[in-house]
Amino acid sequence: MLDKWRRVWQASAPMSELPKAYEPSAVEARWYAAWLDGKCFEANPASGKDAYSIVIPPPNVTGILHLGHVLNNALQDILARRARQKGKEVLWLPGTDHAGIATQAKVERELRESEGLSRRDLGREEFLKRVWDFKNKHGDIIIKQLKRLGCSCDWSRERFTMDEAYTKWVSYVFVELFKEGLIYRGKRMVNWCPVSLTALSDEEVIMTPQRSKLYFMKYQLADAPGEYLEISTTRPETLMGDVAVAVNPKDPRFAKHIGRKVLRPFPQAEIPIIADEHVDIEFGTGALKITPAHDKADFEIGKRHGLEIIDVLTPDGRIECPECPELHGLDRFVARKKAAAMLEEMGLLLKVEEYENNVGFSERAHVPVEPRISMQWFLKYPCVKEAADAVANGEIKFRPERWAKTYAHWMENLQDWCISRQLWWGHQIPVWYRKDKLEALKNAESLDMADLSAGDIHVGIEPPADAVNWTRDEDVMDTWFSSWLWPFATMGDVGENSPTLAKFYPTTDLVTGPDIIFFWVARMIMAGFRFAGEIPFGNVFFTSIIRDLQGRKMSKSLGNSPDPIDLMEKYGADGLRFGLLRIAPVGADLRFDESAVEEGRNFANKLYNACRFRQMAGTDRCDGIADTAGLPPYHLNVMSRLDELAADLEEAYADYRFGEIAQRLYEFLWNDFCDKFLEAVKLDLRESATPAARAMTLGTFDAVMSRYLQLLSPYMPHIAEELSARMGYVAEGEFLMMKLLPAAPLVSGDAKAARDQAAAIYEAAGRMRNLKAEYQVASRKDVRFVVRGAPAWLAAEIQVLALLAGAGGIEIDAAYEAPKGTPAAITPVGEVYMPLEGLIDVEAERARISKEIERVRVEVKKCEGKLGNASFVDRAPAEVVEQEKARLEDWRRKLEQLGEMLAALA
RNA sequence: GCGCGCUUAGCUCAGUGGUAGAGCACAUCCUUCACACGGAUGGGGUCGCAGGUUCGAACCCUGCAGCGCGCACCA
């Protein structure tokens with residue numbers, strides 16, 4: 001390991017010979033390999049150090065990295081790396097999710113496109129083999145991408161939700177909850193995806209506003225030909241499944257109808273008019289057709305009134321109603337139009353209105369889901385109260401806190417979770433049925449628990465001993481039924497006395513998106529209580545959702561989702577991390593702009609060049625500043641600013657204010673360190689400087705920079721490690737990322753006087769530069785200034801001030817009488833004058849200004865003429881006229897300024 | 001319908017009671033030996049609207065408007 005590290009070190013040329021611009025790619029790859037080699041990321045459960053742990057939200061195994069992953073994982077990496085610097089034993093546990101529907105759909109599509117086959121053509125066993133092949137081929141792409149980003153995960157512990165041991169956990173949990181009576185099988189109204197051909201949980205249905213049509217029709221009263229009841233519906237195609245018409249019992253319009261019957265148009269039948277509170281008197285005609293098989297609300301009403309259920313749809317969303325041959329076999333949306341046309345022909349369609357309503361769409365297949373009655377497995381959530389309380393009482397802390405309210409609301413309205421999926425890729429339900437019993441019942445679809453005696457069903461992790469006599473339930477479980485076990489199922493096997501679990505569970509932080517608060521976070525809390533005996537994590541940090549500049553979600557189809565790998569190639573992983581983090585707001589969505597990443601890259605370059613500059617001034621290493629008492633104000637100032645930065649970061653980390661941390665790191669390096677300190681001490685680094693001054697300045701540089709790189713390291717780990725190594729801030733064989741953050745500040749005493757002095761000099765220099773710019777001599781270096789009313793200490797700093805101000809010289813003259821018209825400024829170091837005498841050729845300058853005045857006057861006249869022209873003002877667009885007015889104002893202002901300058905010359 | 005959030009410079013956003021900030025973009029100047037992925041200077045904002053509290057409000061309170069998100073069985 002040490003040898004390898006030495007090779008890394010030796011690959012580094014002296015900084016002063018390196019290119020002017022920082023080139024991240026090679027550096028980043030080199031250090032990542034070195035960290036892996038040094039086993040820097042591996043967690044030791046036997047360590048005596050305090051534990052810090054975090055489990056990765058497992059990305060889809062066949063997924064590829066997008067910006068959301070970058071943000072999410074960069075944040076986790078920052079937390080993990082910071083914890084290491086604080087002396088914690090860190091476990092960041094990585095892995096991937098099998099992502100049932102998404103992965104199966106991918107493989108099915110590929111199969112269809114390349115071989116024209118469906119999964120049923122292959123059969124379950126062969127198809128699953130194909131999915132595993134696909135997983136093995138594409139499964140490590142996202143892992144490689146996370147490594148490219150610099151993620152310090154303990155890769156030796158990588159888990160997959162379909163690993164054998166993990167699968168055992170899933171079965172175990174199912175069996176336990178079944179035994180407890182919380183898992184049951186039943187025929188219920190579920191969300192059915194007609195494309196994926198599976199049931200979905202409520203959370204997988206996305207309500208989307210749709211422009212649709214509201215059909216008004218009339219049903220004839222059975223006992224009174226010629227008398228009709230008006231009904232409105234958005235779904236005429238399910239009319240054949242109508243078994244009643246409901247009205248509100250409080251609705252006076254229909255009171256006389258209740259108990260009578262109407263004629264359903266096709267297939268013709270008499271159906272009752274019933275009264276139900278659910279019907280909204282205000283909506284439509286106030287009468288609601290009841291189709292218990294195809295609407296959740298209708299199903300409930302049907303149950304209340306003991307109505308028949310007539311299913312008229314196939315699983316893939318076509319009409320199944322042989323009694324109505326015109327519609328039989330048609331797709332549901334085609335049938336809708338056809339049904340409306342049929343009603344019209346029969347003279348029963350009154351009108352059609354445009355109407356916007358919410359339709360549930362399948363999260364994965366992007367088609368409207370169909371409410372459908374089917375036999376599924378359901379879970380009554382365990383430990384609901386404990387889970388709700390844990391967040392309410394702050395045992396688990398949500399950040400931003402407001403998400404706790406969303407969580408509480410969901411927890412108070414829990415519905416049983418439909419956990420079975422009619423897929424093949426996933427954890428198969430660990431339930432077996434006796435074959436002879438199944439045959440007797442004809443088909444498993446209608447298999448009711450009531451029909452089975454204890455001897456007919458086997459629920460267990462292992463198959464029954466006489467397996468040949470049993471058939472396993474074909475369904476698999478919802479992917480989230482495995483994900484919700486992630487924090488503890490990744491740390492030890494079922495029944496194992498796991499040292500990892502003992503050391504690292506509960507985890508410290510969870511970093512995830514607020515969009516999966518129900519899917520994942522809430523369920524993990526319940527599973528944690530039920531199966532690990534306590535909360536799964538102490539803090540949950542919800543990240544921003546990343547949008548484009550128009551505020552749209554990133555998506556492949558919109559093409560607005562930049563490939564993070566491309567960004568890293570262009571700007572470096574550090575640049576991407578830093579740039580993205582710096583613009584990440586605390587509780588709001590993030591509008592992504594590539595220029596942010598460019599700034600991250602530029603920042604890395606700035607840092608690199610500051611270090612290159614220092615190396616060019618001498619490669620001797622100063623052993624540290626023994627005594628800060630005698631240091632010049634710039635040195636003390638920058639050190640004390642660094643101490644302040646370290647303290648501010650400490651507070652910001654405690655509050656998870658990641659964007660602010662990046663911003664503070666950025667400001668310190670660029671403003672305090674480069675623009676101020678480095679510019680002020682340049683004299684000390686010239687050939688002419690004394691060795692003592694040089695050593696003191698280099699020493700200060702090293703003292704500050706070595707600590708700064710450490711503070712920066714969680715955000716930009718590669719460049720921080722690289723520069724620390726090149727500059728000799730870490731000993732051979734040592735990694736910056738493993739070094740403890742120093743506790744003591746750089747400046748032990750009071751630095752206020754030094755800071756005030758430095759601030760005064762910097763501000764005075766700025767005012768002097770203003771004067772130069774105002775009188776058009778910004779780039780001249782021979783400008784002289786006179787200071788009146790200077791404090792005594794200024795004399796010692798006059799050369800530095802001149803350097804910062806870009807002045808040829810500065811005199812301190814308490815008795816200076818400035819000639820009339822001499823440009824002057826009030827500064828913290830006294831009144832500063834910039835005598836024009838000798839600086840500019842007064843005659844030439846006067847001539848130049850006069851000429852300029854003439855030119856501007858012409859412009860003013862031009863503008864005035866244009867604006868005085870009635871045909872322009874009346875006919876030109878208002879915008880153009882306004883523009884012209886603004887231009888006139890500008891020219892007038894300029895004229896005034898020039899007049900003042902001319903007066904000053906007199 | 002209920003809940004949550006947002007509204008500050010052209011753009012993206014900081015800023016929770018005391019003289020409006022950053023980065024980018026823009027304009028002018030500087031190819032000065034760390035960095036043009038740079039430096040200097042400058043223009044640009046009645047802090048969504050209306051009230052209220054206060055000596056004082058971008059900030060606290062109330063109402064309104066616009067935008068976004070979540071939840072909800074109005075067909």
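As the structure is a prediction and not an experimental result, all values here were calculated from the model. So you know, we letter chains A, B, ... as the sequences are listed, proteins then strands, and number each from 1. All values below come from the heavy atoms of this structure, side chains included, with hydrogens, waters and symmetry mates left out.
Residue A:Glu401 qualifies as open at atom CD: its count of foreign heavy atoms under 6.0 Å is 12 or below. For CD of A:Glu356, the number of neighbouring non-hydrogen atoms (other residues, nucleotides, ligands) closer than 6.0 Å is greater than 12.
Within 4.0 Å of A:Ser232, counting heavy atoms only, lies at least one base atom of the nucleic acid. Counting any heavy atom pair closer than 4.0 Å across all strands shown, A:Arg769 reaches sugar-phosphate atoms only and no base atom. Across all strands, A:Lys570 comes closer than 4.0 Å to no nucleic acid atom at all (heavy-atom distances). Looking at heavy-atom distances under 4.0 Å, A:Asp675 makes contact with sugar-phosphate atoms alone, never a base. In this structure, A:Ala588 reaches neither bases nor backbone, as no heavy-atom distance under 4.0 Å exists between it and the strands shown. Using a 4.0 Å heavy-atom criterion, one finds that A:Ala773 contacts the sugar-phosphate atoms exclusively. Contact annotation for A:Glu679: base contact, defined as any heavy-atom pair under 4.0 Å involving a base atom. Across all strands shown, A:Ile583 has no heavy atoms under 4.0 Å from either base or sugar-phosphate atoms. Note on A:Ala610: a base of the nucleic acid sits closer than 4.0 angstrom, heavy atoms only.
Closest to the A:Arg612 side chain, of the nucleotides B:rC4, B:rC35, B:rC13, is B:rC35.
The nucleotide B:rC71 finds its pairing partner in B:rG1, both defining distances of the Watson-Crick or G-U wobble pair being shorter than 3.5 Å. The partner of B:rG21 is B:rC13, judged by Watson-Crick or G-U wobble contacts that both fall below 3.5 Å. Across all strands shown, B:rC6 forms a Watson-Crick or G-U wobble pair with B:rG66, both key distances being under 3.5 Å. The nucleotide B:rG44 finds no pairing partner, because no Watson-Crick or G-U wobble arrangement with both distances shorter than 3.5 Å includes it. The base-pairing partner of B:rG38, taking Watson-Crick or G-U wobble contacts with both distances under 3.5 Å, is B:rC30. Judged by Watson-Crick or G-U wobble contacts below 3.5 Å, the nucleotide B:rU54 has no partner.
Under 4.0 angstrom from either OP1 or OP2 of B:rG42 there lies at least one side-chain N or O belonging to A:Asn770. For the OP1/OP2 pair of B:rU12 and a distance below 4.0 Å, the side-chain nitrogens and oxygens of A:Arg591 include at least one atom meeting the criterion. Dashed line: the shortest gap from a side-chain N or O of A:Lys289 to OP1 or OP2 of B:rA75 is not under 4.0 Å. A close approach under 4.0 Å does occur between a side-chain nitrogen or oxygen of A:Lys20 and OP1 or OP2 of B:rC35. For A:Trp670 and B:rG39, the shortest distance from a side-chain N or O to OP1 or OP2 is below 4.0 Å. Within the structure, a side-chain polar atom (N or O) of A:Tyr355 is placed less than 4.0 Å from OP1 or OP2 of B:rA75. Here A:Asn602 does not reach the OP1 or OP2 of B:rC35: none of its side-chain N or O atoms lies under 4.0 Å away.
Nearest-nucleotide positions on RNA chain B for A:Thr406 and A:Glu599 put A:Glu599 closer to the 5' end.
In this structure, A:Glu660 does not pair ionically with A:Arg582, as no charged nitrogen and carboxylate oxygen lie closer than 4.0 Å.
Side-chain contact between A:Pro371 and A:Phe299 is absent, with no heavy atoms from C-beta onward closer than 4.5 Å. You'll find the side chain of A:Leu567 stays beyond 4.5 Å of the side chain of A:Leu580, heavy atoms only.
Contact annotation: side chain of A:Lys606 to base of B:rC35, donor-acceptor pair present below 3.5 Å.
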* Asked: Can you list the steps and then say if A:Tyr708 with A:Leu607 is a side-chain contact (heavy atoms from CB on, under 4.5 Å)?
  -> CA-CA 10 Å; A:Tyr708 177 77; A:Leu607 175 65; 4.0 Å; yes

